[in-house]
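Here's the structure we're looking at; comments come further down.
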Amino acid sequence: MGEHRGADRKSDEASPVFYRKARFEELKSGTFWLSETPEVPGRKGWGAACPRVCSWVWLTDRTSGRTFCFANTHTDHVSALARKEGMLLIIRRMKAFGGGAPIVFTGDHNCRENEEPAQAVSKILANALFATETPPAGPWRTFTGWAYRADEISAATALALPVETRNARMGSPDCGPRIDYIYVTPGVRVKDYATHADTRSGTTLYPSDHFPVTATVEL
């Protein structure tokens, strides 16, 4: 589910949520734009380079009967103000549409953990990377810009470094930018967490300029 960010709701990028219909029942869902007028399609907010959206769905697990909310977004890559205000808007909406149910919030947030948008989210949700019960697998960086590295600095290694060091834009070691997130409501069990640095077999080609991140969570 999720609408495209263009004014016609059918073109340009989307931030969809995919779920297994056999396992989950959708109760309600929606998409809003990260702007001063969230219900107006195609609007750019706070100096953003592109229209940006957040899509969310409220699901019931057919097996356990538990209800939870899943939200996904891609905040602006140019305007720091748009990232901040967009994230604050999402936080307000999550509190409303979550209805007190657990929340899972994901996306390319175009900011590092020590920057203001991530800090704002961390006041109400837990970063699954920090909450995992087992050491995180895979590299620290999630944005690659297509630049291949034979030797990645692992997330586990980077977490032992000071926050400022692992998030330095230029430094030694150069851990690289980690800007993709999985957040959960405090108390949600995060059983494992991984960043996947796979390449096409026999090559140094990544399938995307970002590494996928995954987590196994238990509500």
Side-chain angles (χ1 to χ4, degrees), residues 1-2 15 17-20 23-30 32 34 54-75 83-138 140 142 154-164 166-167 175 177-196 211-219:
M1 59 71 51
S15 295
V17 177
F18 291 81
Y19 63 92
R20 297 181 185 273
R23 176 69 185 269
F24 301 103
E25 177 186 359
E26 179 179 327
L27 302 180
K28 56 183 177 180
S29 62
F32 58 91
L34 306 187
C54 177
S55 293
W56 59 274
V57 59
W58 200 350
L59 300 169
T60 294
D61 186 332
R62 299 180 189 273
T63 301
S64 68
R66 294 297 304 274
T67 297
F68 67 100
C69 188
F70 197 113
N72 187 44
T73 194
H74 181 190
T75 57
R83 288 192 291 276
K84 172 188 172 183
E85 294 296 335
M87 202 68 81
L88 292 175
L89 172 62
I90 293 170
I91 290 170
R92 292 194 296 271
R93 290 292 181 101
M94 281 194 298
K95 289 179 178 179
F97 61 56
I103 294 171
V104 179
F105 178 40
T106 62
D108 171 4
H109 296 172
N110 272 314
C111 67
R112 302 174 192 236
E113 61 169 310
N114 58 343
E115 294 178 330
E116 194 170 11
Q119 291 293 305
V121 180
S122 295
K123 291 180 180 178
I124 66 163
L125 299 176
N127 187 332
L129 174 68
F130 303 146
T132 179
E133 297 175 355
T134 55
W140 170 259
T142 61
S154 72
T157 296
L159 285 174
L161 299 172
V163 173
E164 294 77 11
R166 64 178 180 248
N167 290 286
C175 296
R178 185 173 191 92
I179 59 175
D180 300 272
Y181 294 88
I182 301 172
Y183 290 102
V184 296
T185 302
V188 169
R189 184 182 179 190
V190 182
K191 301 174 74 173
D192 58 57
Y193 189 103
T195 304
H196 303 272
F211 291 145
V213 293
T214 61
T216 303
V217 303
E218 184 176 301
L219 304 179

- prompt: What pairs with Glu26 under salt bridge (Lys or Arg N to Asp or Glu O under 4.0 Å), at least two apart in sequence or on another chain?
  reply: none

Point-to-point distance, once rounded to the nearest 0.5 Å, from [atom1] of [X] to [atom2] of [Y]:
X      : Y      : atom1 : atom2 : value
Arg166 : Thr157 : CZ    : OG1   : 11.5 Å
Asp180 : Asp108 : CG    : CG    : 4.5 Å
Asn72  : Phe105 : CG    : CZ    : 8.0 Å
Leu34  : His74  : CG    : NE2   : 10.5 Å

Taking side chain to side chain contact (heavy atoms under 4.5 Å, CB included) as the definition, give me every residue that meets it alongside [X], ordered by chain and number, with sequence neighbours left out.
X      : result
Asp61  : Arg23, Phe24, Thr63, Ser64
Pro186 : none
Ser55  : Met1, Thr31

Contacts of type side-chain hydrogen bond (donor to acceptor under 3.5 Å, both in side chains), residue [X], not counting sequence neighbours:
X      : answer
Tyr181 : none
Glu133 : Arg189
Thr132 : none
Thr185 : none

- request: Could you go through the side chain to side chain contact (heavy atoms under 4.5 Å, CB included) check for Tyr183 and Met94 one step at a time?
  value: CA-CA 12 Å; Tyr183 290 102; Met94 281 194 298; over 6 Å; no

Closest non-hydrogen atom pair, Thr106 against Phe70: OG1-CE2, 3.4 Å

Throw together a table of side-chain donor-acceptor distances under 3.5 angstrom for residues 85-92, partners on residues two or more places apart or in other chains.
none

message: Restricting to ring-ring contact (aromatic ring centres under 6.0 Å, His included), what partner residues turn up for Trp56, sequence neighbours left out?
response: Phe97

Listed pairs under 3.5 Å, donor-acceptor, residues 119-131 side chains, sequence neighbours left out:
| from | atom 1 | to | atom 2 | distance (Å) |
| --- | --- | --- | --- | --- |
| Gln119 | NE2 | Glu113 | O | 2.6 |
| Ser122 | OG | Ala118 | O | 2.9 |
| Asn127 | OD1 | Leu129 | N | 3.0 |

Report all side-chain donor-acceptor pairs from residues 212-219 shorter than 3.5 Å, counting only partners two or more places apart or in another chain.
| from | atom 1 | to | atom 2 | distance (Å) |
| --- | --- | --- | --- | --- |
| Thr214 | OG1 | His196 | NE2 | 2.8 |
| Thr216 | OG1 | Asp192 | OD1 | 2.9 |
| Thr216 | OG1 | Asp192 | OD2 | 3.2 |

